[in-house]
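The structure appears right after this line, and notes come after that.
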Number of protein chains: 2
Amino acid sequence: MDNQLKRGLLDVCVLAAIRKEDSYGYKIIKDLKPYVELSESTLYTILKRLEAAKMLTVRTAEHDGRLRKYYHITGQGLGRIEEFKTEWKAVISIYQFVVKEDGNE
Amino acid sequence: MDNQLKRGLLDVCVLAAIRKEDSYGYKIIKDLKPYVELSESTLYTILKRLEAAKMLTVRTAEHDGRLRKYYHITGQGLGRIEEFKTEWKAVISIYQFVVKEDGNE
DNA sequence: ACGATATACTTCGCGTTATGATGTATTGCG
DNA sequence: CGCAATACATCATAACGCGAAGTATATCGT
């Protein structure tokens, strides 16, 4: 998938991945894999960004003697998803502009 | 509209804007305005990029004593639009992942 | 006649972002 | 014991959108 198309989708994908229940880095990557691939460096960058924006909170917990950082979505995070749904209407209208009248759809 | 969401959309929007007939900078911005706003600096950057990628060709012509650069889409440019349509299927599946099961759609 | 606005294109620098490379550390399997 | 998987972190890089500023001409109102 095109590199650029991902942008604007990734943040909201990560939020969606932790929406139902708290999750952690490695699991998020695996859960998102069917939809979108992202590297570890990309994910941890996104998580930091979302944390700074208060869209999620972090909690460190031990699991099998290993530390895990569990991420929990906040109200603002949920709000971001709602906002995304609104923006999506504009995206659809752009899509329709691009595919219309091209003579071979 | 979110800055990041535009990426991956803008290139293909510009190609779509010159698809039916050759166009020039100012007109492209006006034609795209109902769908997506972009500044002149953004557009001319994109046009240069698309030209370098051979997705369009440029021709300078005089109009009312002023110079205009007319952009013409190439086969590769049209191919990019087709590619975009394919990528769109992945985008839709991402969108559905994001909006599903959020308890308040 | 003159200033404002629209047309038209260009360049520079900045901030945001995705990613590969690299590193650290533990668990579990063959 | 070695190797893959789990788990998180940092750094440098390149791409990209955009505001700001500049240049130049046409048009329109007063």
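Here is the naming used below: chain letters follow the sequence lines, and residue numbers restart at 1 for every chain. Hydrogens, waters and symmetry mates play no part in the numbers below; they use all other heavy atoms, side chains included. In this text, all values refer to a predicted model and were calculated from it rather than measured experimentally.
Evaluation of the side-chain hydrogen bond (donor to acceptor under 3.5 Å, both in side chains) rule for B/Glu83 yields B/Arg80 as partners, not counting sequence neighbours. With sequence neighbours left out, B/Ser23 forms a side-chain hydrogen bond (donor to acceptor under 3.5 Å, both in side chains) with no residue at all. Shown here are the side-chain hydrogen bond (donor to acceptor under 3.5 Å, both in side chains) partners of A/Asp22, two or more places apart in sequence or in another chain: A/Arg59, A/His72. Considering only residues two or more places apart in sequence or on other chains, A/Glu51 meets the salt bridge (charged side-chain N to carboxylate O under 4.0 Å, His left out) condition with none of them. Listed by chain and residue number, nothing satisfies the salt bridge (charged side-chain N to carboxylate O under 4.0 Å, His left out) test with A/Arg66 (two or more places apart in sequence, or in another chain).
Across residues 4-12 of chain B, B/Lys6, B/Arg7, B/Leu10 each have a non-hydrogen atom less than 4.0 Å from an atom of DNA chain D (numbered order).
Listed by first then second residue, pairs satisfying side-chain hydrogen bond (donor to acceptor under 3.5 Å, both in side chains) with a partner in residues 5-16 of chain A read A/Arg7-B/Gln4, A/Asp11-A/Arg49, not counting sequence neighbours. Sequence neighbours left out, the pairs with a member in residues 33-64 of chain A that pass ring-ring contact (aromatic ring centres under 6.0 Å, His included) are A/Tyr35-B/Phe97.
Atom CG in B/Leu43 sits about 9 Å away from atom P in C/dC9, given to the nearest Å. Rounded to an integer number of Å, the gap from CG of A/Leu47 to P of C/dT17 is 14 Å. Between the NE2 atom of B/His63 and the P atom of C/dT7 there is a distance of 11 Å, given to the nearest Å. Between B/Ile29 atom CD1 and C/dA6 atom C1' the separation is 13 Å, expressed in whole Å. For the pair B/Tyr44 OH and C/dT10 C1', the computed distance is 9 Å after rounding to whole Å. Straight-line distance from the CD1 atom of B/Ile46 to the P atom of C/dC9: 15 Å, rounded to whole Å.
Residue B/Tyr24 has a polar side-chain atom (N or O) positioned under 4.0 Å from OP1 or OP2 of C/dA8. Between B/Lys48 and C/dT11, a side-chain N or O to OP1/OP2 separation shorter than 4.0 Å is present.
Residues B/Lys69 and A/Glu37 each lie close to DNA chain C; by heavy-atom proximity, the contact nearer the 5' end of the strand is made by B/Lys69. Of the residues near DNA chain C, B/Ser41 and A/Leu38, the one whose nearest nucleotide (by heavy atom distance) lies more toward the 5' end is B/Ser41.
Residue A/Arg49 has its side chain nearest to C/dA18 when only C/dA18, C/dA21, C/dA8 are considered.
Clustering of Ile, Leu, Val, Met, Phe, Trp and Tyr side chains at separations under 4.5 Å places A/Tyr24 together with A/Tyr26, A/Tyr70.
Mapping heavy-atom proximity under 4.0 Å, the span of DNA chain D touched by chain B runs 5' to 3' from D/dA15 to D/dA26.
Proximity of A/Glu82 to A/Lys85: side-chain heavy atoms (C-beta onward) are separated by under 4.5 Å at one or more points. Between A/Leu38 and A/Ile46 there is a side-chain heavy-atom pair separated by less than 4.5 Å. The closest side-chain heavy-atom distance from B/Arg68 to B/Thr60 is not below 4.5 Å. In this structure, A/Phe84 and A/Leu9 have side chains that are in contact, with non-hydrogen atoms separated by less than 4.5 Å. Contact of the A/Trp88 side chain with the B/Val99 side chain is not registered, since no non-hydrogen atoms from C-beta on lie closer than 4.5 Å.
Under a 3.5 Å cut-off, the side chain of B/Thr45 and the backbone N or O of B/Ser41 do form a donor-acceptor pair.
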Exercise. Along nucleotides 23-30 of chain C, 5' to 3', which nucleotides get a B, which get an S, and which get a -, given that the test is a protein heavy-atom distance under 4.0 Å?
Worked result: ---BS---
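Using a 4.0 Å heavy-atom distance criterion, B/Lys27 is classed as making no nucleic acid contact.
Each end of the helix from C/dA1-D/dT30 to C/dG30-D/dC1 gets its own axis, taken as the rotation carrying the C1' atoms of four end pairs onto the next four within a five-pair window, and the two axes meet at 20° to the nearest 10 degrees.
With hydrogens and angles left out, the side chain of A/Ser39 and the base of C/dG20 share no donor-acceptor pair within 3.5 Å.
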